[in-house]
Amino acid sequence: MQVVILKDAAEVAAYGADIFTTQLKRKANSVLGLATGSTPVALYQELIKRNQANEISFAEVTSFNLDEYLGLDGSHPQSYRYFMQQQLFDHINIDKSNTHVPPGDAKNPITACGEYEARIKSAGGIDVQLLGIGRNGHIGFNEPSSGLTSRTRVKTLTKATIDDNARFFKADEYQPHLSITMGIGTILDAKKVVLLATGENKADAVVAMVEGPLTAACPASALQMHRDAVIVIDEAAASKLKDIEFYKHIENENQKLLDYLASL
Ligand SMILES: N[C@@H]1[C@@H](O)[C@H](O)[C@@H](COP(=O)(O)O)O[C@@H]1O
C-alpha cells in the first residue's frame, strides 16, 4: 500500500487526476473503474478541465462504475448513472455506449451481476479503479462482513450507509436499501487501485484500512492485499494514523528515487 498524505481535498483531487492523466497518456484505450459519492467530484472536475484543454482524451476509454442503487433507473436523479452523467460523462469526449454502471432497474438483478462481471472481463479488465471509502470502511457498496473475494452481486446496505447517504435524498423520497456492487474480489482484480479520502469523518475508516488487521469487518482493509494500491488522503483523514511520519518519509524517498531514475 502506498499512503500519500496531502494538505487538503484540493491537493488530493489534483494528485488523483494526475494518476488518471498519466494512465490515459500511456494507454488511450484504458479501462477505468469509476466511483460516486462526494469525494471524487473535485477529481472529475479536474479531469473535465484537462479534457476540455485537450490534455487528455476519453475517446477510446471504456468505464465501469462500482455500484448502483437497486430499484432506481438511470434517469432517477439519485441514481449513480445520473450522477456520472452530471458530474463527468456529459462534459468529456467519452462515447456513452462505452460507459457502464450496474443496472439498478435490471429485471433479473442476479443475472445482471454475472453479465456485468463478463463485460469487465471482455473489456480486458480494469486498468485503474477509483475508490472512495464509507465511514464504516465500505468500498463500493461492500459493507462490513462482505466476502473478501466476493464478485459483483446484490448487497443490502447498512443503516449507517443509508443514514450517510440520506443527505442526497429529499425527505419524502424513496431511498433504496439494496444495491448492485462490484465485489471486493472484482475490485482487487484491477491492475491499479486509487482510493481517495478526505476529512476528519473518514479518519477512523482510514486507520482501520491502513493499520488495522485484514478483516471483512473493514472491507477496505482488503486493499492491503493489492499489489498496486495508492491511498491518497488529506491531513484530516490521516489524523488517526500512527505512522504518519513514516508514510511521508517513504514518499520523500520514492521521489528521490524517481528523480534519480529520470536523470539516468
Ligand atoms: N457507494 C458509495 C461509495 O462508493 C463511496 O465511497 C461512499 C463514500 O461517499 P463520500 O465520498 O460521499 O463520503 O459513498 C457511497 O456509499
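Numbering of ligands and ligand atoms starts at 1, following listing order.
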Original post:
Under a 4.0 Å heavy-atom limit, does Phe83 contact ligand 1 with its side chain, its backbone, both, or neither?
Top reply: neither

Subject >> ligand 1 atoms in contact with Thr39 (distance to a heavy atom under 4.0 Å) >> reply: 10 (P), 11 (O), 13 (O)

**OP:** Would you mind checking which non-hydrogen protein atom is closest to atom 13 (O) of ligand 1, with the distance to 0.1 Å?
**Re:** Lys202 NZ, 2.6 Å

Original post:
So, does Asn65 use its side chain to make a donor-acceptor pair with the main chain of Asp67 at under 3.5 Å?
Top reply: no

Original post:
Between Ser38 and ligand 1, which residue portion shows a heavy-atom distance shorter than 4.0 Å: side chain, backbone, both, or neither?
Top reply: both

Subject >> Any donor-acceptor N or O pair under 3.5 Å, side chains Arg153, Thr181 >> reply: no

Original post:
Charged N to carboxylate O below 4.0 Å: is that the case for Glu117 and Lys121?
Top reply: no

Subject >> Closest approach of any protein heavy atom to atom 8 (C) of ligand 1, naming residue and atom >> reply: Ile133 O, 3.6 Å

Subject >> ligand 1 N/O within reach of Arg167 N/O, cut-off under 3.5 Å >> reply: yes

**OP:** Examine the proximity of ligand 1 to Glu68 and report which part, side chain or backbone, both or neither, has a heavy atom under 4.0 Å away.
**Re:** neither

**OP:** Would you tell me which option among Asn165, Asp67, Leu157 has the nearest heavy-atom contact to atom 1 (N) of ligand 1?
**Re:** Asp67

Subject >> Side-chain (Glu11) to main-chain (Asp234) donor-acceptor, under 3.5 angstrom >> reply: no

Subject >> Whether Phe169 and His76 hold their rings parallel, tilted or perpendicular, with breakpoints at 30° and 60° >> reply: tilted

Original post:
Would Thr99 and Arg81 count as having a side-chain donor-acceptor pair, cut-off 3.5 Å?
Top reply: yes

Subject >> Aromatic ring proximity Phe89/Phe83, centre distance under 6.0 Å >> reply: no

Original post:
Of the choices Gly132, Gly140, Ala220, which has the non-hydrogen atom that lies closest to atom 6 (O) of ligand 1?
Top reply: Gly132

Original post:
By number and element, which atoms of ligand 1 are closer than 4.0 Å to a non-hydrogen atom of Tyr80?
Top reply: 1 (N), 2 (C), 15 (C)

Original post:
Could Lys248 and Glu251 be called an ion pair, given the rule that one side-chain N must be under 4.0 Å from one carboxylate O?
Top reply: no

Original post:
Side chain, backbone, both or neither: which part of His138 comes within less than 4.0 Å of ligand 1 when only heavy atoms are counted?
Top reply: side chain

Subject >> Proximal ligand 1 atoms for Gly37, defined as those under 4.0 Å from one of its heavy atoms >> reply: 9 (O), 11 (O), 12 (O)

**OP:** Considering heavy atoms of the protein only, find what lies nearest to atom 5 (C) of ligand 1 and give residue, atom and distance to 0.1 Å.
**Re:** Thr36 O, 4.1 Å

Original post:
At their closest point, which heavy atom of Pro176 faces which heavy atom of Tyr69, and how far apart are they?
Top reply: CG-CB, 3.7 Å

